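Down below is the structure, laid out as structure tokens.
Positions are given from 1 along the sequence. For ligands, and for the atoms within them, numbers begin at 1 and follow the listed sequence. The model shown is predicted, which means the values in this text are computed figures rather than measured ones.
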Amino acid sequence: MSQHWNANLYDASHDFVAKFGEGIFSWLQPKVGEHILDLGCGTGDLTPKIQATGAKVLGVDSSAEMIATAKAKFPTIEFQQADARNLPFSNEFDAIFSNAVLHWVSEKEKAIASMYQSLKKGGRIVVEFGGKDNIQQIWTALKMALQKRGYAENANISFWYYPSIGEYATLLEQQGFRVVRAEHFDRPTPLKGENGLKDWLLMFCEIFFTGISAIEKEAILEEIERVLKPTHFVDGQWVADYKRIRVMAVK
Ligand code: BEZ
């Protein structure tokens, strides 16, 4: 199952993705001259930060639209379209950095094998993405609202990959990585504006509304808002119940 990305909407309303990426950046510690892959760079907001350290960076993303926007925004940086499950690199990078991407890749073993193959020996991955129980309450409210209006099939779509540290570290070790650092933490994430939750659902959960009319969709969105308002609308702002896993591992 694939996700279509609207690069303009992503930049306008979801810039928090890049802002939160700064935490994981502190784990990367790029060195001058290192060759670093920014895996799933989106519209490229963190890529120049890596380049500014004196490292040489390549940003890749599976979305042609995101890559086109990244190239237009940062013409001096190298970007190319590539699939995390099948990266076209071999022993090339000192480090792979990835923020808020790997939960979209359900074929996680392929992504891990592909990262391993792309790294030089001794190279490292520094990755952060949705961990076990990420957006659990939003996901539950979405499923319940779909079921309630008779869309059981849509409610059963299995889409994201949110592992625990134990599960992900095991997969990395099976591939040959040595896991040197891992954290799993809450990251309550404010969503912009009064329609923040609806906008987030429209941006990221389109797949769950496949085949559902605009009128029904609106009713489902309102039901989700009604259910989550008491817990997820705080001081006039929607807050998503994100949980993150952050891992560093060495080839
Ligand atoms: C996340 O970054 O955790 C996420 C983003 C969109 C949909 C689901 C999860």
Side-chain angles (χ1 to χ4, degrees), residues 1-25 27 38-47 59 61-63 65-66 84 97-108 111 125-146 154-165 167-168 182-193 195-210 217 220-221 224-225 227-228 231-232 237-247:
M1 224 161 262
S2 71
Q3 163 84 19
H4 171 258
W5 295 101
N6 177 328
N8 290 332
L9 181 61
Y10 185 85
D11 261 2
S13 304
H14 303 283
D15 54 349
F16 61 79
V17 177
K19 278 197 192 100
F20 283 130
E22 286 167 18
I24 180 192
F25 194 72
W27 280 30
D38 183 2
L39 175 60
C41 61
T43 56
D45 283 316
L46 288 169
T47 324
D61 201 283
S62 63
S63 158
E65 191 175 335
M66 291 287 191
F97 171 83
S98 182
N99 177 47
V101 171
L102 292 172
H103 49 251
W104 295 105
V105 186
S106 54
E107 291 169 283
K108 58 266 182 196
I125 59 164
V126 178
V127 299
E128 180 176 313
F129 58 103
K132 188 171 181 324
D133 293 343
N134 191 40
I135 57 153
Q136 194 179 39
Q137 285 153 303
I138 297 181
W139 196 356
T140 302
L142 171 62
K143 278 187 181 192
M144 301 287 278
L146 286 165
N154 295 55
N156 278 336
I157 288 174
S158 168
F159 196 38
W160 299 295
Y161 172 59
Y162 300 139
S164 65
I165 287 180
E167 181 182 337
Y168 201 63
E183 277 180 12
H184 186 185
F185 52 95
D186 285 356
R187 173 175 291 145
T189 299
L191 306 175
K192 270 191 196 162
N195 286 325
L197 180 62
K198 267 192 195 172
D199 289 345
W200 185 93
L201 289 161
L202 290 171
M203 174 84 200
F204 294 119
C205 302
E206 197 187 7
I207 193 85
F208 291 94
F209 294 99
T210 307
K217 188 170 168 178
I220 291 164
L221 291 171
I224 298 167
E225 280 194 334
V227 168
L228 292 177
T231 49
H232 287 60
Q237 183 160 44
W238 289 100
V239 180
D241 50 321
Y242 279 25
K243 291 188 172 45
R244 283 292 180 258
I245 182 172
R246 188 182 290 175
V247 179

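Around atom 9 (C) of ligand 1, the closest heavy atom drawn from Trp139, Tyr162, Phe204, Trp160 belongs to Tyr162.
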Atom pairs and distances, side-chain donor-acceptor, residues 130-141, under 3.5 Å, sequence neighbours left out:
from: Asp133; atom 1: OD1; to: Gln136; atom 2: NE2; distance (Å): 3.4
from: Asn134; atom 1: OD1; to: Lys243; atom 2: N; distance (Å): 2.6
from: Thr140; atom 1: OG1; to: Gln136; atom 2: O; distance (Å): 2.8

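Looking at residues two or more places apart in sequence or on another chain, you find a side-chain hydrogen bond (donor to acceptor under 3.5 Å, both in side chains) between Lys198 and Glu218.
No donor-acceptor distance shorter than 3.5 angstrom exists from the side chain of Ser63 to the backbone of Asp61, with no hydrogens or angles considered.
Heavy atoms of Phe159 found under 4.0 angstrom from ligand 1: none, in either backbone or side chain.
A heavy-atom separation below 4.0 Å is found between Arg244 and ligand 1. Distances shorter than 4.0 angstrom occur between a heavy atom of Trp200 and an atom of ligand 1.
Here the closest heavy-atom approach between residue Trp238 and residue Gly193 is recorded as CD1-O, 3.9 Å.
Ion pairing between a basic and an acidic side chain is recognised when a charged N comes within 4.0 Å of a carboxylate O; Glu128 and Arg187 show such pairing.
For ligand 1, the atoms lying closer than 4.0 Å to a non-hydrogen atom of Asn134 are 1 (C), 3 (O), 9 (C). Counting atoms of ligand 1 from 1 in the listed order, those under 4.0 Å from a heavy atom of Ile135 are 8 (C).
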